[in-house]
*Asks:* 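Just dropping this structure here.
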Amino acid sequence: MAEVQSVQALASSLAALPPEFVLSEHERPGVTTFRGGDAPEIPVIDMAEPGSPARVAAAAAEWGLFQVVNHGVPAAAVAELQRVGREFFALPQEEKARYAMDASTGKIEGYGSKLQKDLEGKKTWVDFFFHNVAPPAMVNPDIWPSHPPGYRYASPSIHSSPCTPEAETNVDRPGTRVATWRGREANEEYCKHMQRLTRELFEHLSTALGLDGGAMWEAFGGDELVFLQKINFYPPCPEPELTLGVAPHTDLSTLTVLVPNDVQGLQVFKDGQWYDAKYVPDALIIHIGDQIEILSNGRYKAVLHRTTVDKEKTRMSWPVFVEPPPEHVVGPHPQLVTDGSPGKYEAKKFKDYRHCKINKLPM
């Protein structure tokens, strides 16, 4: 079993922030967050309105991030996803550690933390849990927790078919039934809605580029697109103004769909400033990732963002990263490369792009 150095466990015994978490002054959120009264508003888009496709494309170009409401994902599905995530992180440390990520395998699924140092030698204030939810060939049911009830796939028939409605006997406790939302596992149910919403967003982004509505979905792998579910857990921090939960970065995905709790934390970098992404009840936060920036030949913007933490409250978020299959090649779409607008990015297999970015190697 891989050892997990848990921020959650560390936080319960601290009165002051350890030096390895304290950022240099020019990186501290207490100093660098915009606090003026005229901050620009991150777009909030009502997906039910007729003008929403154009607003999605405009926000992707200007901000690289926007929030959507009336998105068609049932509140009950979101609530159940959050419930099982909270209950997982409420488990004893030894139970969570059963699902520890094993970095030696090169795979990122499982429970872990960002206690490893970055290039500047600092640590970030977060624990997490990662696992694939689609397509079936990419799902490893062994990494899905057996507790809390309702989290994992419930039987071998479900193991082979994620995002399906069946819910049967719990394989860890034969003879028992799994408590589920309307008979479906929480993550399966949410995955189905993420696939539908992703296809809709891709269509809006494609047509605004002058491409066929299905161009982006097909260019990123179609039905083989990988949906990677993550839970971020940011425990209360004794000196939150000195550290970050997640350091500044862009997502290497096509896009990311994120559900936050109501504790402020996400920040977006725009025009030389860090701005808070205000909590909007029932909204989903959409991040444009590197692959959409590449495919659009720079027309859309991968958003640079970071996460702050709170002194009194636990912040949690549930992002779903939508990624091309590992062997799939992504580059600027041929219809967007012309003599007047040459290709700005090199086409790469997604697995090679991911390896370079994670290991901070030249692209």
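All residue numbers in this chain count up from 1 along the given sequence.
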*Asks:* Looking only at heavy atoms, which two atoms of Ala283 and Gln67 are closest? And how far apart?
*Replies:*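 Result for this residue pair: CB-OE1, 3.6 Å.
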*Asks:* Walk me through whether Arg83 and Glu80 qualify under salt bridge (Lys or Arg N to Asp or Glu O under 4.0 Å).
*Replies:* CA-CA 5 Å; Arg83 180 189 69 80; Glu80 183 69 355; 2.7 Å; yes
*Asks:* A side-chain contact here means heavy atoms from C-beta on lying under 4.5 Å apart; do Val56 and Phe66 qualify?
*Replies:*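 Yes, close enough: below the 4.5 Å cut-off.
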*Asks:* Roughly how far, to the nearest 0.5 Å, is the CG atom of Asp290 from the CG atom of Leu295?
*Replies:*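 CG of Asp290 is found 12.5 Å from CG of Leu295.
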*Asks:* Tell me, which pairs form a salt bridge (charged side-chain N to carboxylate O under 4.0 Å, His left out) where one or both residues lie in residues 295-323, sequence neighbours left out?
*Replies:*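 Qualifying pairs: Glu323-Arg354.
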*Asks:* Any chance you could pull the hydrophobic cluster mates of Val280, using side-chain heavy atoms under 4.5 angstrom and chaining through other members?
*Replies:*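 Answer for Val280: Val44, Val69.
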*Asks:* Keeping Thr33 on the side-chain end and Pro29 on the backbone end, is there a donor-acceptor pair under 3.5 Å?
*Replies:*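 At least one qualifying donor-acceptor pair exists.
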*Asks:* Between OG of Ser52 and CD of Glu200, what distance do you get to the nearest 0.5 Å?
*Replies:*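 Result: 7.0 Å between the selected atoms.
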*Asks:* Among pairs that include at least one residue of residues 216-228, which meet salt bridge (charged side-chain N to carboxylate O under 4.0 Å, His left out), considering only residues two or more places apart or in two chains?
*Replies:*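 Salt bridge (charged side-chain N to carboxylate O under 4.0 Å, His left out) check on residues 216-228 returns Arg199-Asp223.
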*Asks:* Starting at CG of Leu258, measure out to NE2 of His287 and round the result to the nearest 0.5 Å.
*Replies:*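 One finds 5.5 Å between CG of Leu258 and NE2 of His287.
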*Asks:* Tell me whether His333 contacts the main-chain N or O of Leu209 through its side chain, where contact means a donor paired with an acceptor under 3.5 Å.
*Replies:*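 Side chain of His333 to backbone of Leu209: no pair is present.
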*Asks:* Please find the pair of heavy atoms, one from Pro248 and one from Leu304, that lie closest to each other, and give the distance.
*Replies:*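 Heavy atoms only, the tightest pair is C-CD1, 4.0 Å.
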*Asks:* Give the intermediate values and the outcome of side chain to side chain contact (heavy atoms under 4.5 Å, CB included) for residues Met216 and Leu211.
*Replies:* CA-CA 8 Å; Met216 195 170 281; Leu211 304 175; 5.8 Å; no
*Asks:* Using modelled atom types and a 3.5 Å cut-off, is there a donor and acceptor pairing between side-chain atoms of Asn359 and backbone atoms of Leu361?
*Replies:*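 The answer is no, because no donor-acceptor pair under 3.5 Å joins these two groups.
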*Asks:* Show which residues join Met138 in its hydrophobic cluster (side-chain heavy-atom contacts under 4.5 Å, direct or indirect), or state none.
*Replies:*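 Once heavy-atom contacts under 4.5 Å are chained together, Met138 belongs with Val226.
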*Asks:* What distance separates Leu242 CG from Leu17 CG, expressed to the nearest 0.5 Å?
*Replies:*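 The CG atom of Leu17 is 6.0 Å from CG of Leu242, to the nearest 0.5 Å.
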*Asks:* Would you please classify the geometry between the Phe88 ring and the Phe129 ring as parallel, tilted or perpendicular, with 30° and 60° separating the classes?
*Replies:*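 Rings of Phe129 and Phe88: tilted, 30 to 60°.
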*Asks:* With a 4.5 Å cut-off on side-chain heavy atoms, are Leu266 and Pro260 touching?
*Replies:*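 Answer no - side chains too far apart.
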*Asks:* Do Met47 and Leu197 come close enough that some side-chain heavy atom pair is under 4.5 Å?
*Replies:*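 Result yes, sub-4.5 Å side-chain heavy-atom pair found.
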*Asks:* Any side-chain heavy-atom pair from Val7 and Val126 closer than 4.5 angstrom?
*Replies:*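 Result no, sub-4.5 Å side-chain heavy-atom pair not found.
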*Asks:* For residues Trp217 and Leu225, determine if any side-chain heavy atom of one lies less than 4.5 Å from a side-chain heavy atom of the other.
*Replies:*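 A side-chain contact exists here, since the closest heavy-atom pair is under 4.5 Å.
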*Asks:* Between Ser206 and Glu203, do the side chains contain a donor N or O and an acceptor N or O under 3.5 Å apart?
*Replies:*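 No donor-acceptor contact under 3.5 Å links the two side chains.
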*Asks:* Taking atom CG as the centre, does Asp352 end up with more than 12 heavy-atom neighbours from other residues, nucleotides or ligands that are less than 6.0 angstrom away?
*Replies:*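 Counting other residues, nucleotides and ligands, CG of Asp352 exceeds 12 neighbours.
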*Asks:* Same hydrophobic cluster for Val68 and Met194, using side-chain heavy-atom links shorter than 4.5 Å among ILVMFWY?
*Replies:*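 Val68 clusters together with Met194.
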*Asks:* Specify the closest pair of heavy atoms between Gly213 and Thr207, including all atoms of both residues, with the distance to one decimal.
*Replies:*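 Looking at all heavy atoms of both residues, the shortest contact is CA-CG2, 3.7 Å.
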*Asks:* Which atoms form the tightest heavy-atom contact between Leu205 and Tyr300, and what is the distance?
*Replies:*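 Closest heavy-atom pair between Leu205 and Tyr300: O-OH, 2.8 Å.
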*Asks:* For Tyr353, is the NZ or CZ atom of Lys348 found under 6.0 angstrom from the centre of its six-membered ring and inside 45 degrees of the ring axis?
*Replies:*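 No; the conditions do not both hold, so Lys348 does not lie above the ring face of Tyr353.
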*Asks:* Using a 3.5 Å distance criterion without hydrogens, assess whether the side chain of Asp46 forms a donor-acceptor pair with backbone atoms of Ala48.
*Replies:*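 It does hold such a pair.
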*Asks:* Going through the checks in order, is the ring-ring contact (aromatic ring centres under 6.0 Å, His included) test met by Trp274 and Phe34?
*Replies:* CA-CA 6 Å; Trp274 285 104; Phe34 181 83; over 10 Å; no
*Asks:* What distance do Arg86 atom CZ and Trp318 atom CH2 have between them, rounded to the nearest 0.5 Å?
*Replies:*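 Reported to 0.5 Å precision, the distance equals 5.5 Å.
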*Asks:* NE2/His249 to CG/Asp251 distance, rounded to the nearest 0.5 angstrom?
*Replies:*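 If we round to the nearest 0.5 Å, His249:NE2 and Asp251:CG are 4.5 Å apart.
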*Asks:* For a 4.5 angstrom cut-off between non-hydrogen side-chain atoms, does Val309 reach Thr243?
*Replies:*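 Contact flag for Val309/Thr243 side chains = yes.
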*Asks:* For residues 54-68, pull every pair meeting salt bridge (charged side-chain N to carboxylate O under 4.0 Å, His left out), keeping only residues two or more places apart or in separate chains.
*Replies:*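 Passing the test, one end in residues 54-68: Glu62-Lys270.
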*Asks:* Determine the minimum heavy-atom distance between Ser113 and Asp127, stating which atoms define it.
*Replies:*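 The answer is CB-OD1, 3.1 Å.
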*Asks:* Could you check Thr198 against Arg196 for side chain to side chain contact (heavy atoms under 4.5 Å, CB included), going step by step and ending with a plain yes or no?
*Replies:* CA-CA 6 Å; Thr198 296; Arg196 188 233 0 120; over 6 Å; no
*Asks:* Can you tell me how the ring of Trp125 sits relative to the ring of Phe21, calling it parallel under 30°, perpendicular over 60° and tilted otherwise?
*Replies:*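 Plane angle over 60°, so perpendicular.
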*Asks:* State, yes or no, whether a side-chain contact exists between Ser317 and Val259 at a heavy-atom distance under 4.5 Å.
*Replies:*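 Answer no - side chains too far apart.
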*Asks:* Apply side-chain hydrogen bond (donor to acceptor under 3.5 Å, both in side chains) to residues Thr250 and Lys357 and explain how you reach the verdict.
*Replies:* CA-CA 10 Å; Thr250 60; Lys357 182 156 186 174; 2.6 Å; yes
*Asks:* Less than 3.5 Å apart, any donor N or O on the side chain of Thr256 or Ser253 sitting next to an acceptor on the other?
*Replies:*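 Yes - a donor-acceptor pair under 3.5 Å links their side chains.
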*Asks:* Of Ile288, Ile42, Val268, which is the lone residue that meets side-chain contact (heavy atoms from CB on, under 4.5 Å) with Val303?
*Replies:*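 By the side-chain contact (heavy atoms from CB on, under 4.5 Å) criterion, Val303 pairs with just one of Ile288, Ile42, Val268: Val268.
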*Asks:* Can a donor-acceptor pair be found, under 3.5 Å and without considering hydrogens, that links the side chain of Ser13 to the backbone of Leu10?
*Replies:*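 Side chain of Ser13 to backbone of Leu10, a donor-acceptor pair under 3.5 Å: yes, one is there.
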*Asks:* I'd like to know if Arg98 and Glu94 make a salt bridge, using a cut-off of under 4.0 Å between side-chain N and carboxylate O.
*Replies:*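 Salt bridge: no.
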*Asks:* Taking only residues two or more places apart in sequence, or in another chain, which ones meet Phe220 in a ring pair (Phe, Tyr, Trp, His ring centres under 6.0 Å)?
*Replies:*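 Partners of Phe220 under the ring pair (Phe, Tyr, Trp, His ring centres under 6.0 Å) test: Phe202.
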*Asks:* Give a yes or no on whether Trp63 and Ile45 share a hydrophobic cluster (residues Ile, Leu, Val, Met, Phe, Trp, Tyr; joining criterion: side-chain heavy atoms under 4.5 Å apart).
*Replies:*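 They do not share one cluster, since no chain of ILVMFWY contacts under 4.5 Å joins Trp63 to Ile45.
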*Asks:* For the residue pair Gln82 and Val78, establish whether any side-chain heavy-atom pair is separated by less than 4.5 Å.
*Replies:*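 Yes, side chains in contact.
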*Asks:* Does Leu91 belong to the same Ile/Leu/Val/Met/Phe/Trp/Tyr cluster as Ile231, with side-chain heavy atoms less than 4.5 Å apart forming each link?
*Replies:*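 The answer is yes; both residues are in one hydrophobic cluster.
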*Asks:* Check step by step if side chain to side chain contact (heavy atoms under 4.5 Å, CB included) holds for Lys96 and Tyr111.
*Replies:* CA-CA 7 Å; Lys96 293 194 292 285; Tyr111 167 65; 3.4 Å; yes
*Asks:* Using a strict cut-off of less than 4.0 Å between a Lys/Arg side-chain nitrogen and an Asp/Glu carboxylate oxygen, indicate whether Lys351 and Glu327 qualify as a salt bridge.
*Replies:*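 The answer is yes: the pair qualifies as a salt bridge.
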*Asks:* Does a donor on one side chain and an acceptor on the other come within less than 3.5 Å for Thr308 and Gln267?
*Replies:*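 No.
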*Asks:* Take Leu244 and Leu23, measure what side chain to side chain contact (heavy atoms under 4.5 Å, CB included) needs, and give me the verdict at the end.
*Replies:* CA-CA 8 Å; Leu244 289 168; Leu23 298 171; 3.7 Å; yes
*Asks:* Given the rule that I, L, V, M, F, W and Y join up when any side-chain heavy atoms are under 4.5 Å apart, are Val263 and Phe89 in one cluster?
*Replies:*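 Hydrophobic grouping puts Val263 apart from Phe89.
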*Asks:* What closest approach, in Å, do Pro324 and Thr254 show between heavy atoms, and which atom pair accounts for it?
*Replies:*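 For Pro324 versus Thr254, the nearest heavy atoms are CD-CG2, 3.8 Å.
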*Asks:* Can Ile285 be reached from Leu252 by stepping across I, L, V, M, F, W or Y side chains whose heavy atoms are under 4.5 Å apart?
*Replies:*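 In one cluster with Leu252: Ile285, no.
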